[in-house]
Amino acid sequence: MYDPVQIELKWQAYWEENGTNQPDLESAERPFFNLMMYPYPSAEGLHVGNLYAFTGADIYGRYRRLRGDDVFEPIGYDAFGIHSENHALRVNIHPTELIPANIANFERMLRRAGLMYDWSHTVDTTDPGYYRWTQWIFLQLFKAGLAVKKEAPVNWCPKDQTVLANEQVISGRCERCDTPVEQRLLSQWFFRITEYAERLLDNLEWIDWSETTRTAQRNWIGRSDGAQLWFPVPDTEEQIEVFTTRPDTIFGATFMVLAPEHPLVARVTTDDRRAEVEAYVRTTAATDLVERRKVEEKQKTGVFTGGFATNPATQEPVPIWVADYVLMEYGTGAIMAVPAHDQRDFEFARQFELSIRPVVSPASTLSPDADPAAVELDLDEAFLEHTEDEILINSDRFSGMEADAGGHAIVEWLAERELAELHVNYRLHDWCISRQRYWGPPIPVINCDECGVQPVPEEDLPVLLPFVEDFRPDASGVSPLARAEEFYRTTCPGCGGEARRETDVSDTFLDSGWYFLRYPSTDFDDRPFDDERTRKWLPVDMYIGGEEHAVLHLLYSRFLTMVLHDLGYLEFEEPYHRFQKHGLLITEGAKISKSRGNVILPDEYMSRYGADAFRTYLMFLGPFQVGGDFRDIALAGPERFLNKVWDSVTSAVSEGRAGFDDEAVERSLHGTIKKVTEDLESLDYNTAIAALMDYLNQVRAEGRVPSVDEVRPLVILLAPIAPHIAEELWERLGGSPSVFDHVSWPEYDDSKLIVDELEIAVQVNGKLRAMVRVARGATQEAVQEAALREDNVLRQLDGGEIRKVIHVPDRLINLVVR
RNA sequence: GCCGGGGUGGCGGAACCGGUAGACGCAUCGGACUUAAAAUCCGUGGGGACAUAGUCCCGUGUGGGUUCGAAUCCCACCCCCGGCACCA
């Protein structure tokens with residue numbers, strides 16, 4: 001009988017010895033780079049969710065290989081970062097010890113899962129030979145003016161006295177001690193990704209990605225078209241700049257609101273209001289961002305500054321308020337408030353009894369003889385929706401105009417006085433890459449009192465992460481590296497004087513932003529990526545990964561690729577030809593997580609059923625791109641299926657019959673090849689497996705022993721999904737190993753799919769009443785004649801007159817009597 | 001609130017462009033083999049009515065609509081999952 005574990009060990013050893021999975025990176029003729037998102041090597045080991053994703057990607061790679069491509073399928077480890085560091089803190093083992101052990105464990109598990117990895121080209125982001133080039137990329141951005149240092153708020157836990165990453169703040173509280181988190185201003189490094197916002201958005205039009213992923217990126221970049229407007233502050237030189245998507249509503253701007261951090265707050269505040277305003281600003285600063293943005297508590301807060309600005313359209317003075325519902329990091333940090341047409345402004349106006357002036361209304365709701373420049377309206381809530389016939393009202397000479405056109409006219413009119421211009425605003429922020437942590441690549445700059453910020457010379461890279469026994473973040477709010485004197489004390493590359501190294505490390509997303517560029521070039525240690533290798537293998541042909549990275553990782557890696565392209569290092573500006581997301585694996589209807597205690601260990605299942613059956617099951621339980629429900633009882637199906645495949649092929653071999661003696665089986669074979677080919681191409685693995693099961697059921701019908709020719713194609717079609725058993729059976733069929741080296745994908749013949757006679761559905765008034773056998777391509781007359789010979793059809797017709805006949809050739813006929 | 005995905009037997013899920021709903025598999029039940037069990041094989045398999053083969057009615061979240069014909073298209077609504085969220 002079939003012993004999966006033995007066979008799997010045999011073939012894994014064969015692949016390893018013969019370099020089966022290592023394409024010749026120099027001379028491959030049809031290079032195909034099949035990439036999957038590399039994992040973070042957790043202490044728990046390989047998660048079934050990881051394996052689900054890798055298996056799905058691997059099947060596609062193996063399929064391409066059988067189609068004749070030279071497939072390069074590498075794997076690596078995203079081993080730096082907060083995840084790894086936090087885990088090290090929790091178990092109190094130094095990451096330099098913990099991470100290599102985790103990686104070794106991962107590699108062991110990955111090797112037994114039958115993945116087509118080229119183990120001679122792996123990447124580990126914590127290897128100095130890798131992060132040297134991560135630092136190099138930082139330097140290229142620095143030199144191009146795309147890496148800048150500026151002040152930004154960070155999350156600060158006053159009890160633990162440490163900086164927290166956003167991921168560590170759970171509903172405004174520290175994940176460790178539950179203390180409400182505060183904001184602190186720190187000087188940090190940013191990559192100016194906003195410079196690339198438009199290009200990142202434009203290219204989404206043509207890259208071959210899942211639609212949902214492109215939509216997610218579009219939303220994240222968040223382009224808004226509108227106008228920049230300036231509200232002068234009387235008796236000063238100041239103007240308050242605002243961004244709005246509704247310049248058409250400017251006549252309804254009855255007050256202004258500044259974010260508490262806005263630089264003009266102090267300037268516009270009058271002396272009698274100053275104490276109150278400052279108190280408000282201080283309170284806001286002490287509240288964390290997450291808490292501050294909770295929208296559920298509808299109560300708006302804010303204070304009047306005592307100051308006024310001039311509405312450039314009405315020339316009326318409008319009061320200036322400060323409120324935390326205006327965010328400094330979006331737009332200009334100041335708004336013109338139009339309570340009649342913005343729900344937030346409306347609520348604020350109601351609460352503080354500010355005036356509300358409607359300026360847009362559907363024409364149909366106004367009385368025909370009313371003057372649109374003087375309409376009285378009482379609103380219960382802001383009027384937001386757009387109607388076909390909306391016109392401007394109470395807007396001086398623009399009243400009566402269609403709203404959109406009116407908005408344009410208003411901007412043009414104000415532009416003459418340099419008080420307005422059209423403007424595009426993005427939700428996307430610059431990418432903060434500084435981390436006040438230990439476990440990451442040190443940011444390669446040196447601060448000199450004389451020369452200022454100096455980049456580390458490229459020949460001095462890598463800046464090694466020193467071993468620091470106590471890697472805990474501390475009260476200072478700076479990286480633990482700031483306590484390592486032998487690390488930060490250095491000399492200035494400019495003047496040679498005493499200087500201090502940057503002690504922050506960079507974000508993990510910088511490590512993962514370029515790892516795919518490294519894979520083909522891991523054998524070069526004097527360059528991040530070799531030009532020739534890169535030209536041959538990149539951009540990535542197929543990238544499969546989780547939707548959770550739809551924005552951050554996929555956006556950052558697109559950005560870095562564009563920058564490296566602009567700097568002349570890469571010929572392409574988009575890193576991935578095709579990206580497909582995979583679905584989420586759940587179990588018994590619930591999300592898989594450690595806290596639920598329903599984590600599934602692939603190791604156990606692979607020992608019990610073999611990697612092939614486990615792979616087959618994972619791909620069979622639902623559509624790969626949607627996900628599915630893991631129930632271990634259902635593993636029995638794929639296990640039986642592979643057993644039957646084994647049984648059929650081995651008995652076919654011992655009987656040794658060739659050819660096709662059953663026309664129906666041959667036809668079914670061609671149908672199966674067609675179906676499986678199409679399904680693998682579109683990643684519909686569940687239905688591909690169903691088609692293989694179906695075919696097997698047919699060749700085995702009534703205890704039949706199939707011929708060798710009937711099962712040989714089956715073995716090849718199965719190879720991407722269950723590679724070990726396919727190798728073994730291929731060898732037993734007399735093929736020379738590896739099946740992936742010596743075989744081409746079966747072709748189907750359309751002419752073999754044609755049947756002479758088929759069953760046609762007969763409907764009466766749209767309801768199925770009978771099936772009739774007719775010749776293929778039978779005419780409507782012939783089909784109708786056959787249908788009218790059926791008792792049941794005649795009974796349903798009940799002698800009535802046939803008023804209409806719908807005939808779908810080779811499929812259905814519908815007789816309408818009514 | 002906004003964006004995206006989804007709701008089909010006891011369960012996981014099929015169904016191209018509107019054309020035989022429930023492929024394939026799991027579980028169940030019945031049978032064969034066996035001293036017995038496991039494994040294996042054969043059969044059953046949405047609900048209901050009349051009914052021995054059969055025939056009819058109902059049935060793809062809910063209510064309407066378009067059509068000869070709707071799981072599929074349109075309108076309104078309910079629920080679930082994921083992401084974003086005071087974005088001006």
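Owing to the predicted nature of the structure, the values given are computational and were not obtained by experimental measurement. By convention in this document, chain letters (A, B, ...) are assigned in the order of the sequence lines, proteins followed by strands, and residues within each chain are numbered from 1.
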Q) Does B:C86 have a Watson-Crick or wobble partner in any strand here, with both distances under 3.5 angstrom, and which is it? A)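 Check on B:C86: unpaired, no WC or wobble geometry under 3.5 Å.
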
Q | Nucleotide forming a Watson-Crick or wobble pair with B:G18, both distances under 3.5 Å | A |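 Matched B:G18 with nothing under the 3.5 Å cut-off.
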
Q: Compare all side-chain heavy atoms of A:Leu200 with those of A:Ile193 and state whether any distance is below 4.5 angstrom.
A: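 Yes. Closest side-chain heavy atoms under 4.5 Å.
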
Q.
A:Asn697: which residues meet the side-chain hydrogen bond (donor to acceptor under 3.5 Å, both in side chains) condition with it, sequence neighbours left out?
A.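 For A:Asn697 there are no side-chain hydrogen bond (donor to acceptor under 3.5 Å, both in side chains) partners, ignoring immediate neighbours.
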
For [X], report the nucleic acid contact type (base, sugar-phosphate, nothing); a contact means any heavy atom under 4.0 Å.
X: A:Leu621; value: sugar-phosphate
X: A:Met336; value: nothing
X: A:Asn425; value: nothing
X: A:Asn697; value: sugar-phosphate
X: A:Ile633; value: sugar-phosphate
X: A:Lys675; value: nothing
X: A:Arg769; value: sugar-phosphate
X: A:Arg218; value: nothing
X: A:Arg214; value: nothing

On a whole-Å scale, what distance lies between the [atom1] atoms belonging to [N] and [M]?
N: B:A70; M: B:G61; atom1: P; value: 15 Å
N: B:A71; M: B:A15; atom1: P; value: 16 Å
N: B:G6; M: B:A32; atom1: C1'; value: 44 Å

**Q.** Residue-level proximity of residues 682-694 of chain A to RNA chain B when a heavy atom falls under 4.0 Å
**A.**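 Heavy-atom cutoff 4.0 Å gives A:Asn686, A:Thr687, A:Ala690, A:Met693, A:Asp694.
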
**Q.** Atom-to-atom span, CG of A:Leu794 to P of B:C56 - whole angstrom
**A.**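 Distance, rounded to whole Å: 13 Å.
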
**Q.** Euclidean distance, atom CZ of residue A:Arg640 to atom C1' of B:A38 [Å, nearest integer]
**A.**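 Whole-Å distance recorded here is 12 Å.
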
Q) For the side chain of A:Arg811, counting heavy atoms from C-beta on, which of B:C16, B:G25, B:G13 is nearest? A)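 Given the options B:C16, B:G25, B:G13, the side chain of A:Arg811 is closest to B:C16.
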
Q. Considering heavy-atom distances to RNA chain B, does A:Asn814 or A:Lys581 have its closest nucleotide positioned more toward the 5' end?
A.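 It is A:Lys581 whose nearest nucleotide is closer to the 5' end.
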
Q: Using side chain to side chain contact (heavy atoms under 4.5 Å, CB included) as the criterion, list what pairs up with A:Asn792, not counting sequence neighbours.
A: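 Scan of A:Asn792 (side chain to side chain contact (heavy atoms under 4.5 Å, CB included), adjacent residues dropped) gives A:Arg769, A:Arg795, A:Gln796.
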
